[in-house]
2 protein chains.
Amino acid sequence: MRASDRAYATLLEDIQRGSLPPGAVVAELEQAERLGISRTPMREAIGRLLADGLVRQQSPRVMVVADFDADDIRELFEARRALEERAARIAAERGERAVFAALAADFAAAHPESCELAADEYYALIARFDAAVDAAVGNRYLTGALRTVRAHLARARGLARDNHARLRASVAEHTLIAEAIAAGDPELAAHATHVHLHRALAAILTSIADPAGSATSIPEGPQ
Amino acid sequence: MRASDRAYATLLEDIQRGSLPPGAVVAELEQAERLGISRTPMREAIGRLLADGLVRQQSPRVMVVADFDADDIRELFEARRALEERAARIAAERGERAVFAALAADFAAAHPESCELAADEYYALIARFDAAVDAAVGNRYLTGALRTVRAHLARARGLARDNHARLRASVAEHTLIAEAIAAGDPELAAHATHVHLHRALAAILTSIADPAGSATSIPEGPQ
DNA sequence: TTTCGCGTTAATGTATACGCTAGTGATGGC
DNA sequence: GCCATCACTAGCGTATACATTAACGCGAAA
């Protein structure tokens, strides 16, 4: 693996996990020394993050991690609707039905009960579903745009802390989408995706507005 | 302006105009010497083209210009439909109506009669329209995806030679889209965009299948 | 005290040197 | 005569040195 690829993967994860928060300065030399590589591959990695929109140049000489507030999340989900609804529609039209029938069964069998483990399991299942949709769509332009959008979406996971009820609801929503694709029903697949994105956005915005979590409805605790 | 920016702009235009045809090898040193710069900025430029999907790595060591055949164009227009129909819809919902009323008037006033001049004028008008839609949408994720799609779309202009009748029809289609946005009619804007993209794709595919052009309906002449 | 301007400094932009890998050709063995 | 292996070469990946520029601080003047 190339040093620039490792640098890109590391910085991407740092931004997605929030250890490089919005507004943090991304300096070539500083990051290169942190990863034990030279400026050249680090420069390439930062350039890729810039193309992704995860980093922006605040001034001609200083790069910072891109902002990611509630308005950004609304914009992101607007783009997701355009891309994922269409992708779901196309997958229902020409996807391998057996693949999505199997995924629907996996979703139906998934029961996120415990806290940490279930969330990881859930995200892995989502990743498999996304990959299946990409393969069914078979359109490099659509999947390329979706790849960028998903890179930004991963940042939202750090903001909206895992909510058990929401996780279960999301699994149910994905079950319906997968079933619709397996049934070759483009309209249902698109509309179920729309519903899912609507609810996911609402959950994230609520989680941001109410950082205390869902355990208590009264936001009185610290942090 | 940075050397890497000039290199990117130059290579982008070379690929879009077809002077670097699909499959052509893009070697760092060769291109760097051609533009009189060193490998470092040229490497950055090629990396950006790789992220755009205009260049792909054929093997671990050799980069080539990405293919662009009829199937690619169909995929590209599928992505365009997802993005531009949604963009037109959003622009109709929250765009500045006066801006699009003025654009509609400009489209209505445009009459591509002469050959070369009219085509450039037409493309400039389209670019203004695209910029207005981007501004009205105000969504960096959507406009970013559209930017990439448009970079690929420009390659189709070289394949489908300028067709007067098609140019006039396209102007009329854009007039309707602009009018729909100016009237605040999202449904009409989206459907008019759908119709426009359908006809544009059909025209390009016809032009490719019938390289003799539209002057004679019998494809018998050379080139 | 505040603002403007200049100088210093540090980080970016570019060039180039070095190491490595893969691709290609030739040679030898089967 | 054909295939396999080795050596050579050319181009990429990385490191580093040099040039350039912008950012920051200090000082002077209003």
Side-chain angles (χ1 to χ4, degrees), chain A residues 1-15 19-68 140 144 147-148 151, chain B residues 1-15 19-68 140 144 147-148 151:
Chain A
M1 197 185 211
R2 299 184 307 179
S4 60
D5 291 334
R6 280 186 288 111
Y8 175 75
T10 304
L11 260 63
L12 177 63
E13 192 175 330
D14 287 343
I15 292 173
S19 47
L20 276 176
V25 173
V26 182
E28 286 179 14
L29 194 60
E30 174 192 350
Q31 296 298 324
E33 286 177 347
R34 185 167 72 94
L35 298 187
I37 60 177
S38 81
R39 281 180 54 213
T40 306
M42 177 53 69
R43 185 179 176 75
E44 185 173 322
I46 294 174
R48 286 168 68 181
L49 292 168
L50 190 70
D52 289 339
L54 289 163
V55 160
R56 67 182 175 85
Q57 45 182 345
Q58 192 173 49
S59 69
R61 290 287 268 273
V62 55
M63 302 283 207
V64 297
V65 176
D67 294 331
F68 198 63
R140 80 193 69 177
R147 184 200 144 276
T148 303
Chain B
M1 195 186 210
R2 299 185 307 181
S4 61
D5 291 334
R6 281 187 287 112
Y8 175 76
T10 303
L11 259 63
L12 177 62
E13 191 175 329
D14 286 344
I15 293 172
S19 48
L20 276 176
V25 174
V26 182
E28 285 179 15
L29 194 61
E30 174 193 350
Q31 296 297 325
E33 287 178 345
R34 184 166 73 92
L35 298 187
I37 60 177
S38 82
R39 281 181 54 214
T40 305
M42 176 54 69
R43 184 181 176 74
E44 184 173 323
I46 293 173
R48 287 168 68 181
L49 293 168
L50 190 71
D52 290 338
L54 288 163
V55 160
R56 67 183 177 84
Q57 45 182 345
Q58 192 174 49
S59 70
R61 291 289 267 274
V62 54
M63 301 283 206
V64 297
V65 176
D67 294 331
F68 199 64
R140 79 193 69 178
R147 184 202 144 276
T148 304

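Quick note on labels: first sequence line is chain A, next is B, and so on, each numbered from 1.
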Shortest side-chain distance from B:Arg2, nucleotide among C:dG13, D:dA22, D:dT14: C:dG13

Whole-Å distance separating the CD atom of A:Gln58 from the C1' atom of D:dA22: 14 Å

Atom-to-atom span, CG of B:Leu50 to C1' of D:dG13 - whole angstrom: 15 Å

Residues A:Asp5 and A:Arg48 bridged, charged N to O under 4.0 Å: yes

Contact nearer the 5' end of DNA chain D, comparing A:Arg6 with A:Val62: A:Arg6

Heavy-atom closest pair, residues A:Ile37 and A:Ala3: CG2-CB, 4.1 Å

Test side-chain contact (heavy atoms from CB on, under 4.5 Å) applied to B:Leu11 and B:Gln31, step by step: CA-CA 9 Å; B:Leu11 259 63; B:Gln31 296 297 325; 3.8 Å; yes

Closest-nucleotide 5' rank along DNA chain C - winner of B:Glu44 and B:Arg39: B:Glu44

Length of the CE-P vector between A:Met42 and D:dT16, whole Å: 14 Å

Short side-chain N/O contact to D:dT14 OP1/OP2 from A:Ser4, under 4.0 Å: yes

Please produce a list of atom pairs where a protein N or O lies less than 3.5 Å from an N or O of nucleotides 6-11 of chain C.
{"unit_1": "C:dA11", "atom_1": "N3", "unit_2": "A:Arg61", "atom_2": "NH2", "d": "2.6"}

Gap between atoms CE and C1', on B:Met1 and C:dT14 respectively (whole Å): 16 Å

Short side-chain N/O contact to C:dG13 OP1/OP2 from A:Arg43, under 4.0 Å: yes

Rounded distance in Å - CD (A:Glu33) to C1' (D:dT16): 13 Å

Shortest non-hydrogen contact from B:Pro22 toward B:Ala66: CB-O, 3.6 Å

Any donor-acceptor N/O pair under 3.5 Å between D:dT16 base and A:Thr40 side chain: yes

Donor-acceptor contact present, side-chain A:Ser4 to main-chain A:Ala45, <3.5 Å: no

Atom-to-atom span, CG of B:Asp5 to C1' of C:dT12 - whole angstrom: 13 Å

Closest approach of A:Leu50 to A:Arg56 (non-hydrogen atoms, all atoms of both residues): CD1-CA, 3.8 Å

Whole-Å distance separating the CZ atom of A:Arg48 from the P atom of D:dG13: 11 Å

B:Glu28/B:Ile46 under side-chain contact (heavy atoms from CB on, under 4.5 Å): CA gap, chis, key distance, verdict: CA-CA 8 Å; B:Glu28 285 179 15; B:Ile46 293 173; 4.0 Å; yes

Value in whole Å for how far the C1' atom of D:dT14 lies from CG of A:Leu35: 15 Å

